[in-house]
Amino acid sequence: MKKRNFVQEENIEKVEENIEVIEKREVEREEKRKLNFIDGEACFELNDLLKAPAESLGKGNFGNCYKAMLDDGLNVVVKRLRDLKPLSHEEFAKQMRAMAHLKHPNLLPVLAYYFSKEEKLMVTKFASNGNLYNRIHGGRGTRERIPFRWSGRLSVARGVAQALEYLHIHSPLPHGNLKSSNVLLSSVVVLVADYALASLISLPIASHRMLAFKSPEYQSHKRISKHSDVWTYGCLLLELLTGRPDGAGLGAWVHRAVREEWTAEIFDLEILAQRSASHGMLRLLQIAVRCCDKAPERRPEMSEVVREVESVKAGVELSEDEDDFSVDQSYMDDSMSATPSR
Ligand SMILES: Nc1ncnc2c1ncn2[C@@H]1O[C@H](COP(=O)(O)OP(=O)(O)OP(=O)(O)O)[C@@H](O)[C@H]1O
């Protein structure tokens, strides 16, 4: 066999290298066209998602959410993200993986993501019982309204506190946008959604639309931190306790109400009637007021908040929660717990 000279040898090596590079690029391009599942095997393809019957869940500040019903009965939520920072595929993937590695029974798990120039999608599990905003405010004054009693509200307060504490220990970023529409209710647990999105959103947009940016310190120092999450948690507790939407001024109104001892006017009528729970409600109110302190450094840390909220007793006579069970047990309240195992 005729021997190759060193020039021919080198040329062949170069061609082989080029083929390798082309193949690698092709694999990368393929990857980019796929849904990227974060843990384990892909359970469905992008095409399955595109073909699946879908239902709009609502327009959020950072995109629209759709419930997609896949062939095998699995329901997932697709969030079409918009107004993101100009991120490369790698940067976006890194943020998504960082988000997905945060695992806690009270955090909504991220299943997969998709990135293209035109479209960025985040796929999560579907929470079958809607969100906390609708649970607190929905159907008021109608016959469809199912009262949301104290024990259910306390479970939510505990689950959200535990999720935030976990984020404050394991995530480099605060949640940044905790509010009742981002607290989801599955059949058994409460799930906090939209955590760590601040890493994807450009600052001017975040500062207009994310709740933490409305904290007193952001108004004065243009900073958000774990302390701002504690403030948003306090606002959420106030919404749970008062049944009023966290519109402008709820915190100030409650501070005034506490100072002037209008306690009876503070609590939502649906829980006020539960006399045996009044001690617990007052304790939770005190925690909320401390979390909403104007000075960030005076607010408690989430680990302290968790301990305090966990020590608040449900303390309700069974008869006082009875109507929740008689209507529909799966629609939560006492049937729902903060976490499956605690
Ligand atoms: N995984 C999910 N399961 C069930 N409902 C969901 C899920 N994710 C979002 N939703 C609901 O879809 C709607 C739109 O959610 P989205 O997060 O886009 O907006 P938002 O919570 O109203 O505002 P923001 O964009 O500031 O978070 C909300 O009612 C939300 O509760």
Side-chain angles (χ1 to χ4, degrees), residues 106 129 132-165 180 183 185-190 233-246 250-251 253-292 300 304-342:
N106 296 113
N129 280 321
L132 180 63
Y133 181 92
N134 289 333
R135 186 68 189 94
I136 300 176
H137 309 289
R140 293 248 174 191
T142 68
R143 293 175 62 178
E144 282 77 54
R145 171 82 189 162
I146 299 167
F148 188 17
R149 298 298 193 200
W150 168 242
S151 48
R153 295 186 197 215
L154 186 57
S155 285
V156 170
R158 287 180 180 156
V160 176
Q162 285 161 11
L164 269 194
E165 179 195 28
S180 52
V183 174
L185 308 168
S186 78
S187 52
V188 280
V189 278
V190 46
Y233 178 74
C235 297
L236 190 91
L237 287 187
L238 293 180
E239 191 176 345
L240 270 172
L241 288 165
T242 63
R244 293 168 182 246
D246 174 44
L250 179 58
W253 177 80
V254 170
H255 273 108
R256 186 158 166 236
V258 170
R259 222 176 24 246
E260 299 181 20
E261 295 183 11
W262 317 327
T263 321
E265 272 132 275
I266 293 175
F267 296 110
D268 189 346
L269 289 180
E270 278 182 7
I271 53 171
L272 191 63
Q274 295 181 275
R275 301 240 168 264
S276 56
S278 56
H279 180 68
M281 291 176 209
L282 276 170
R283 286 276 321 276
L284 204 61
L285 179 64
Q286 285 161 354
I287 299 169
V289 169
R290 284 180 57 221
C291 291
C292 288
E304 191 184 337
V305 173
V306 167
R307 272 202 312 279
E308 290 187 17
V309 175
E310 282 183 344
S311 73
V312 174
K313 299 258 179 331
V316 174
E317 308 281 328
L318 248 182
S319 59
E320 291 181 340
D321 262 356
E322 236 166 29
D323 43 355
D324 291 333
F325 283 89
S326 60
V327 184
D328 180 357
Q329 187 161 358
S330 70
Y331 205 68
M332 84 222 79
D333 236 309
D334 274 357
S335 57
M336 192 178 68
S337 60
T339 60
S341 55
R342 286 172 85 123

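Basis for what follows: all heavy atoms, side chains included, without hydrogens, waters or symmetry-related copies. We're numbering straight along the sequence, starting at 1.
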Any [X] side-chain heavy atom under 4.5 Å of [Y] side chain:
| X | Y | answer |
| --- | --- | --- |
| L240 | F148 | yes |
| H137 | R244 | no |
| V183 | Y133 | no |
| V190 | L132 | no |

> Step by step, would you call R153 with L241 a side chain to side chain contact (heavy atoms under 4.5 Å, CB included)?
Replying inline: CA-CA 8 Å; R153 295 186 197 215; L241 288 165; over 6 Å; no
> Which atoms form the tightest heavy-atom contact between A288 and L238, and what is the distance?
Replying inline: CB-CD2, 3.6 Å
> What heavy-atom pair brings L237 and I287 nearest, and what distance separates the two atoms?
Replying inline: CD1-CG2, 4.1 Å
> Salt-bridged, R149 to D268, with N to O below 4.0 Å?
Replying inline: no
>> Run Q274 and I271 through side chain to side chain contact (heavy atoms under 4.5 Å, CB included) and show every step you take.
In response: CA-CA 5 Å; Q274 295 181 275; I271 53 171; 3.6 Å; yes
>> I'd like to know if the side chain of Y233 and the backbone of V160 have a donor-acceptor N/O pair within less than 3.5 Å.
In response: no
Rounded to the nearest 0.5 Å, how far does [atom2] of [Y] lie from [atom1] of [X]?
| X | Y | atom1 | atom2 | value |
| --- | --- | --- | --- | --- |
| L154 | E310 | CG | CD | 10.0 Å |
| L236 | I136 | CG | CD1 | 6.5 Å |
| S311 | R158 | OG | CZ | 8.5 Å |

> Taking only residues two or more places apart in sequence, or in another chain, which ones meet E308 in a side-chain hydrogen bond (donor to acceptor under 3.5 Å, both in side chains)?
Replying inline: R290
>> L185 vs V156, test: side chain to side chain contact (heavy atoms under 4.5 Å, CB included). Steps then yes/no.
In response: CA-CA 9 Å; L185 308 168; V156 170; 4.2 Å; yes
> Can you list the residues that meet the side chain to side chain contact (heavy atoms under 4.5 Å, CB included) rule with C235, with sequence neighbours excluded?
Replying inline: W231, D246, C292
>> Taking salt bridge (Lys or Arg N to Asp or Glu O under 4.0 Å) as the definition, give me every residue that meets it alongside R283, ordered by chain and number, with sequence neighbours left out.
In response: none
>> Checking N129 against S187 for the side chain to side chain contact (heavy atoms under 4.5 Å, CB included) test, could you report, in this order, the C-alpha distance in whole Å, the side-chain angles of both residues, the deciding distance, and whether it holds?
In response: CA-CA 6 Å; N129 280 321; S187 52; 4.1 Å; yes
